Amino acid sequence: MTGALLVSTKPATMEVWRRELLALDPALDIRLFPETGPVEDITAAVTWNHPPEDLYRYPNLRLLISMGAGVDHLFRPPGPPPGVAVVRLVDRLLTAAMSEYVLLAVLRHHRQAELYRAQQKARIWHELPAPDTENTRIGILGMGTLGSDAARKLAALRFKVAGWSRTPKRLDGIESFVGDAEMMKFLSRTDILVCLLPLTPSTRGILNARTFAALPRGAYVINVARGGHLVEADLLAALDSGHLSGATLDVFEIEPLPGEHPFWGHPKVIVTPHAASITIPRSVAGQVVENLRRLAAGEELLNRVDVTVGY
Ligand code: NDP
Ligand code: OXD
């Protein structure tokens with residue numbers, strides 16, 4: 001690599017990144033934010049929730065690497081500096097962890113785990129109706145790296161799985177719905193809705209009153225993508241009216257979720273702290289180092305983001 005790599009995230013995590021990157025390429029010149037040295041030195045940056053306007057201070061910046069699968073943090077105003085390439089992480093462990101979370105949330109709902117737990121607490125021996133897996137319809141918004149992996153694993157459990165995306169998908173046993181024109185048809189056949197979309201201007205607020213009304217009564221919602229996809233008041237209204245049976249939420253408009261937020265104590269909501277799939281620096285350092293090499297060699301970058309659509 002020519003120039004220096006800026007690393008920016010929580011202080012304790014930055015040290016781990018430095019160690020893992022240097023283990024693969026000891027020649028790297030790594031600067032941990034805010035100790036950047038001369039701003040002219042920085043040619044690439046690997047960041048998570050970095051102040052977006054700060055990235056305009058480095059005149060020689062050529063590559064921005066998201067420390068996660070999502071890149072919405074890089075597109076907050078003013079967005080990535082013009083002419084700077086943006087890449088994200090695609091990683092076996094990150095993908096597997098997300099599918100584990102989605103399967104856990106689906107199965108916990110499907111197998112009535114909360115109800116059985118409540119019965120246990122009350123010492124009630126009562127068999128609930130058997131779940132009908134082959135007739136339970138799961139719909140996944142976003143059929144990219146994460147959505148398609150979760151879809152395949154849910155289909156392997158014999159759920160009826162469909163996905164919704166911008167472009168058609170051909171996956172064995174998984175129905176594909178495309179674009180706004182097919183959104184309502186997709187929702188009307190969905191008992192459990194999983195959101196795995198990137199947050200962009202087209203997907204912000206997509207989990208709203210209209211979407212919920214199009215789902216069958218009793219449907220369940222799982223949002224593991226971004227808090228900005230969800231109109232929180234609309235979800236609360238749909239839960240409280242009984243139209244939706246519950247929700248599992250890992251991501252929120254404001255993180256950490258404020259202590260007084262109604263989701264915390266809501267009997268139909270399960271909250272986790274944006275922990276569905278956490279980037280493991282050791283697992284992804286190789287692709288970061290490889291992209292730095294490609295940048296220096298003028299080769300095509302891995303996992304490049306289309307800055308015109310924002311994912
Ligand atoms: P990808 O970019 O691989 O996939 C995105 C999918 O969304 C694609 O199928 C794409 O369609 C579809 N899509 C995008 N915009 C639209 C639209 N307007 N209408 C219909 N479909 C659309 O992303 P990943 O699967 O890797 O990740 C998804 C998101 O998951 C990340 O952006 C991130 O926000 C979130 N995430 C959350 C984590 C957590 O811990 N909670 C961890 C990691 C990621 P097409 O295929 O046609 O392009
Ligand atoms: C990611 C995330 O996008 O952790 O990778 O949310």
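Here the structure is a predicted model, which is why all the values come from computation and not from measurement. In each ligand, atom 1 is the first atom listed, and ligand 1 is the first ligand listed.
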Next item on the list: Report yes or no: does a heavy atom of Thr200 sit under 4.0 Å from some atom of ligand 1?
Entry: no

Note to self: For the backbone of Gly70 and the side chain of Ser66, can you confirm whether one donor and one acceptor N or O come within less than 3.5 Å of each other?
What the structure shows: yes

Check: Given the side-chain rings of His50 and Phe33, with only the six-membered ring counted for Trp, is the space between their centroids under 6.0 Å?
Finding: yes

Note to self: How far is atom 30 (O) of ligand 1 from the closest protein heavy atom, and which atom is that?
What the structure shows: Leu146 CD1, 3.7 Å

Notebook entry, point to check: Which ligand 1 atoms does Ser165 reach within 4.0 Å, using its non-hydrogen atoms?
Noted result: 9 (O), 11 (O), 20 (C), 21 (N), 47 (O)

Checklist line | Nearest neighbour in protein (non-hydrogen) for atom 4 (O) of ligand 1 | finding: Gly144 CA, 3.2 Å

One pair per line, please: each N/O atom of ligand 2 matched with every protein N/O atom under 3.5 Å away, atom names first, then the distance to 0.1 Å.
residue  : atom  : partner : partner atom : Å
ligand 2 : 3 (O) : Ala69   : N            : 3.4
ligand 2 : 3 (O) : Gly70   : N            : 2.8
ligand 2 : 3 (O) : Arg226  : NH2          : 2.8
ligand 2 : 5 (O) : Ala69   : N            : 2.7
ligand 2 : 6 (O) : Arg226  : NH1          : 2.9
ligand 2 : 6 (O) : Arg226  : NH2          : 3.2
ligand 2 : 6 (O) : His274  : NE2          : 2.6

Margin query: For a quick check under 3.5 Å, do Gln287 and Asn303 share a side-chain donor-acceptor pair by atom type?
Written below: yes

Item checked: N-O pairing of Glu175 and Lys169 below 4.0 Å -> no

Notebook entry, point to check: Counting both backbone and side chain atoms, is some N or O of Arg88 under 3.5 Å from an N or O of ligand 1?
Noted result: yes

Notebook entry, point to check: So, are Arg31 and Asp29 salt-bridged, with charged N and O less than 4.0 Å apart?
Noted result: yes

Notebook entry, point to check: Can you tell me which residue and heavy atom of the protein come closest to atom 38 (C) of ligand 1, and the distance to 0.1 Å?
Noted result: Met98 CE, 3.3 Å

Item checked: Ile278 and ligand 1 - part of the residue with a heavy-atom distance under 4.0 Å -> neither

Note to self: Check this for me - ligand 1, Asp72, N or O atoms closer than 3.5 angstrom, yes or no?
What the structure shows: no

Next item on the list: Could you pull out all residues at least two apart from Phe263 that satisfy ring pair (Phe, Tyr, Trp, His ring centres under 6.0 Å)?
Entry: His261

Note to self: Less than 4.0 Å is my threshold; does some heavy atom of Thr203 fall inside it relative to ligand 1?
What the structure shows: yes

Note to self: I'd like to check which ligand 1 atoms, numbered from 1 as shown, lie under 4.0 Å from a non-hydrogen atom of Thr167.
What the structure shows: 45 (P), 46 (O), 47 (O)

Notebook entry, point to check: Given Trp164, Tyr101, Tyr311, which has its nearest heavy atom closest to atom 14 (C) of ligand 1?
Noted result: Tyr311

Margin query: Quick check for you: to the nearest 0.5 Å, what is the distance between Leu21 atom CG and Ile30 atom CD1?
Written below: 4.5 Å

Next item on the list: Check each atom of ligand 1 against the heavy atoms of Ser277 and keep those under 4.0 Å away; list them by number with element.
Entry: 40 (O), 42 (C)

Next item on the list: Report the distance from atom CZ of Arg88 to atom CG of Asn291, rounding to the nearest 0.5 Å.
Entry: 12.0 Å

Next item on the list: Please determine, by modelled atom types, if Thr248 and Tyr101 share a side-chain donor-acceptor pair under 3.5 angstrom.
Entry: no

Notebook entry, point to check: So which of Arg226, Arg204, Met143, His73 gets nearest to atom 33 (C) of ligand 1, if we judge by its closest heavy atom?
Noted result: Arg226

Note to self: Tell me whether Asn223 contacts the main-chain N or O of Arg226 through its side chain, where contact means a donor paired with an acceptor under 3.5 Å.
What the structure shows: yes

Item checked: Atoms of ligand 1, numbered as shown, that sit under 4.0 Å from any heavy atom of Ser202 -> 18 (N)

Next item on the list: Check whether the side chains of Asp149 and Ser99 place a donor and an acceptor atom closer than 3.5 Å, and report yes or no.
Entry: yes

Notebook entry, point to check: At a 4.0 Å threshold, what atoms of ligand 1 neighbour a non-hydrogen atom of His274?
Noted result: 39 (C), 40 (O), 41 (N)

Checklist line | Atom of Ala162, atom of Phe186 and distance for their closest heavy-atom approach | finding: O-CE1, 3.8 Å

Check: At what distance is the nearest protein heavy atom to atom 28 (C) of ligand 1, and which residue and atom is it?
Finding: Leu196 O, 3.4 Å

Note to self: Considering Asp149, Leu94, Val224, Leu197 one by one, which has a heavy atom nearer to atom 13 (N) of ligand 1 than any of the others?
What the structure shows: Leu197

Item checked: Close approach, Ala225 and ligand 1, non-hydrogen under 4.0 angstrom -> yes

Next item on the list: Tell me whether the centres of the aromatic rings in His110 and Phe159 are closer together than 6.0 Å.
Entry: yes

Notebook entry, point to check: Val251 heavy atoms, cut-off 4.0 Å: which ligand 1 atoms fall inside?
Noted result: 41 (N)

Notebook entry, point to check: Hey, are the side chains of Arg62 and Leu295 touching, using non-hydrogen atoms and a 4.5 Å cut-off?
Noted result: yes

Notebook entry, point to check: Should one rank His229, Arg166, Met183, Lys169 by closest heavy-atom distance to atom 21 (N) of ligand 1, which comes out on top?
Noted result: Arg166

Item checked: Pro198, Ala69, Gly142, Gly227: member with heavy atom nearest to atom 5 (C) of ligand 1 -> Pro198

Next item on the list: For atom 31 (C) of ligand 1, find the nearest protein heavy atom and state the residue, atom name and distance (0.1 Å precision).
Entry: Gly70 CA, 3.8 Å

Notebook entry, point to check: Is there a chain of hydrophobic side chains (I, L, V, M, F, W, Y, each step under 4.5 Å between heavy atoms) that links Leu24 to Val87?
Noted result: yes

Check: Step by step, would you call Arg293 with Glu299 a salt bridge (Lys or Arg N to Asp or Glu O under 4.0 Å)?
Finding: CA-CA 8 Å; Arg293 188 198 65 73; Glu299 292 173 17; 2.9 Å; yes

Next item on the list: Decide, yes or no, whether a salt bridge links Glu114 with Arg117 under the criterion of side-chain N to carboxylate O below 4.0 Å.
Entry: no

